[in-house]
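Notes follow once the structure below has been shown.
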Amino acid sequence: MVGRSNVGKSSLINALARQKVARTSAAPGKTRLANFYRVQRGTGPKTYLVDLPGYGYARGGDASAVEFRRLTEAYFARAHSGSGIRDSGFEQRVQSPEPRIQEGLGLRIGVLLLVDSRHPGLQSDLEAWRWLQQQPCPCGVIGTKVDKLTRAERARHSRELESCFDIPVPLVSAETGEGLEELWKLIVTLPNQTAA
Ligand SMILES: Nc1nc2c(ncn2[C@@H]2O[C@H](COP(=O)(O)OP(=O)(O)OP(=O)(O)O)[C@@H](O)[C@H]2O)c(=O)[nH]1
Ligand SMILES: [Mg+2]
């Protein structure tokens with residue numbers, strides 16, 4: 001999960017895990033490290049949800065955006081090459097002590113760009129999307145905090161998001177659980193797709 005600070009990455013991971021595993025905050029810039037959470041739904045495949053630090057955290061300014069990009073790039077390159085995450089440049093807090101997490105991450109990854117569904121088409125999100133599409137892994141876009149939209153806004157923002165990113169953009173809410181079933185399906189299938 002990647003996205004601007006405060007877009008709701010950690011909250012969405014908690015909603016998907018149905019546990020409060022990731023720390024969230026009303027103030028942006030909460031998540032500073034890459035955190036891995038192993039989740040499994042019923043008999044579904046074992047999945048690691050990776051919570052990455054947000055970009056566009058104002059207090060960190062440009063330097064922090066550059067650092068985010070450097071670390072994230074290093075992470076994707078490693079994960080994709082199958083060499084694992086041990087010296088990817090990220091510090092990590094691995095919730096599951098299982099050593100196989102290394103292998104697991106080396107196998108197949110998918111990246112979801114989270115954008116706030118209230119603000120479709122932000123410059124920083126579009127830039128992140130362009131950059132993500134050049135990475136060697138399949139990626140998708142999710143609109144967060146849909147509970148904050150009126151019915152009319154949902155329809156309009158949904159159209160705007162799809163036209164900005166040029167793919168369907170499911171809308172979800174960590175608060176109400178809306179859209180999470182559909183999101184799970186995407187999470188399970190995304191890593192099997194080939195990168196755009
Ligand atoms: N109404 C509503 N609020 C949400 C939702 N998801 C997250 N929030 C709120 O948005 C704020 C930021 O959520 P986080 O999950 O910490 O955001 P983050 O993307 O992990 O932020 P960083 O770790 O700073 O990058 C918190 O106050 C959450 O309660 C949602 O679906 N609906
Ligand atoms: Mg966070």
Side-chain angles (χ1 to χ4, degrees), residues 1-25 30-31 34-55 72 75-76 79 95-96 101 104-105 107-122 125-126 128-129 132-133 135 137-151 153-196:
M1 309 261 172
V2 301
R4 273 185 313 120
S5 270
N6 220 39
V7 73
K9 299 174 293 297
S10 301
S11 302
L12 194 56
I13 285 182
N14 289 339
L16 289 164
R18 293 177 189 251
Q19 284 182 55
K20 206 172 168 336
V21 287
R23 264 178 275 161
T24 63
S25 161
K30 180 70 185 172
T31 307
N35 298 309
F36 300 80
Y37 302 100
R38 185 165 73 83
V39 288
Q40 185 168 18
R41 281 182 95 219
T43 56
K46 260 190 214 165
T47 306
Y48 294 94
L49 300 177
V50 186
D51 190 9
L52 292 171
Y55 54 82
T72 311
Y75 167 67
F76 289 145
Q95 296 280 322
S96 150
I101 190 172
L105 281 160
L107 289 177
R108 290 180 279 113
I109 70 167
V111 182
L112 289 174
L113 173 65
L114 270 48
V115 302
D116 190 323
S117 61
R118 291 171 297 180
H119 309 295
L122 291 180
D125 289 338
L126 295 174
W129 180 235
L132 260 184
Q133 286 183 298
Q135 304 309 305
C137 50
C139 44
V141 184
I142 302 291
T144 62
K145 308 191 187 183
V146 65
D147 58 281
K148 295 208 175 188
L149 298 185
T150 64
R151 201 160 276 284
E153 283 170 334
R154 277 171 196 238
R156 182 159 52 83
H157 291 207
S158 178
R159 276 197 307 275
E160 283 178 25
L161 285 166
E162 304 206 358
S163 89
C164 289
F165 295 100
D166 222 13
I167 51 162
V169 179
L171 301 183
V172 304
S173 167
E175 197 83 8
T176 65
E178 181 177 344
L180 295 189
E181 275 303 313
E182 194 188 344
L183 177 55
W184 264 119
K185 287 183 199 143
L186 182 60
I187 287 171
V188 171
T189 55
L190 186 69
N192 297 321
Q193 294 170 14
T194 44

To the nearest 0.5 Å, how far apart are CG in Leu113 and CZ in Phe165?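 CZ of Phe165 is found 5.5 Å from CG of Leu113.
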In Å and rounded to the nearest 0.5 Å, what is the CH2 to SG distance from Trp129 to Cys139?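 It is 4.0 Å, given to the nearest 0.5 Å.
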Would you sort out whether Val39 and Leu16 count as a side-chain contact (heavy atoms from CB on, under 4.5 Å), showing the intermediate values? CA-CA 8 Å; Val39 288; Leu16 289 164; over 6 Å; no
Please lay out, stage by stage, how Leu161 and Val115 fare under the test side-chain contact (heavy atoms from CB on, under 4.5 Å). CA-CA 9 Å; Leu161 285 166; Val115 302; 3.8 Å; yes
What residue pairs, at least two apart or across chains, pass salt bridge (Lys or Arg N to Asp or Glu O under 4.0 Å) with a residue in residues 159-171?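 Non-adjacent pairs meeting salt bridge (Lys or Arg N to Asp or Glu O under 4.0 Å): Arg156-Glu160.
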Does any pair with a residue in residues 111-120 pass salt bridge (Lys or Arg N to Asp or Glu O under 4.0 Å), and if so which ones, sequence neighbours excluded?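 Only Asp116-Arg118 qualify under salt bridge (Lys or Arg N to Asp or Glu O under 4.0 Å).
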Where do Ile142 and Leu186 land on the side-chain contact (heavy atoms from CB on, under 4.5 Å) test, with the steps shown first? CA-CA 10 Å; Ile142 302 291; Leu186 182 60; 3.7 Å; yes
Indicate the atoms forming the closest heavy-atom contact of Asn6 with Ser25, along with that distance.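 Minimum heavy-atom separation between Asn6 and Ser25: OD1-O, 3.3 Å.
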Heavy-atom closest contact (Leu190 atom, Pro138 atom, distance):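 Nearest heavy atoms, Leu190 then Pro138: O-CG, 3.2 Å.
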Please list, one pair per line, the donor and acceptor atoms closer than 3.5 Å that link side chains of residues 167-184 to other protein atoms, with sequence neighbours excluded.
from, atom 1, to, atom 2, distance (Å)
Ser173, OG, Asp147, OD1, 2.7
Ser173, OG, Glu175, N, 3.0
Ser173, OG, Thr176, N, 2.9
Ser173, OG, Thr176, OG1, 3.2
Thr176, OG1, Glu178, N, 3.2
Glu178, OE1, Arg154, NH1, 3.2
Glu178, OE1, Arg154, NH2, 3.3
Glu178, OE2, Arg154, NH1, 2.6
Glu181, OE1, Arg41, NH2, 3.4
Glu181, OE2, Arg41, NH2, 2.7

Contacts of [X] that satisfy side chain to side chain contact (heavy atoms under 4.5 Å, CB included) - sequence neighbours left out:
X	result
Leu122	Arg4, His119, Ser124, Asp125
Thr43	none
Ser163	none
Lys20	Asn14, Thr24

Could you pull out all residues at least two apart from Ser10 that satisfy side chain to side chain donor-acceptor pair (under 3.5 Å)?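 Once residues adjacent in sequence are excluded, the partners of Ser10 under the side chain to side chain donor-acceptor pair (under 3.5 Å) criterion are Thr31, Asp51.
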Kindly indicate whether the side chain of Met1, heavy atoms from C-beta on, has any atom under 4.5 Å from the side chain of Val50.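 Sidechains of Val50 and Met1: no contact.
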Is there a side-chain contact between Cys164 and Leu126 in this structure, where contact means two heavy atoms from C-beta onward sitting under 4.5 Å apart?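 They are in contact (side-chain heavy atoms under 4.5 Å apart), so the answer is yes.
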Could you please spell out the steps behind the side-chain contact (heavy atoms from CB on, under 4.5 Å) verdict for Leu112 and Ile187? CA-CA 8 Å; Leu112 289 174; Ile187 287 171; 3.9 Å; yes
May I ask you to decide if Ser117's main-chain N or O and Lys145's side chain share a donor-acceptor pair within less than 3.5 Å?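 No, because the side chain of Lys145 does not come within donor-acceptor range (under 3.5 Å) of the backbone of Ser117.
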Quick check: are there more than 12 heavy atoms from other residues, nucleotides or ligands sitting under 6.0 Å from CD of Gln19?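 No, the 6.0 Å shell around CD holds no more than 12 heavy atoms from other groups.
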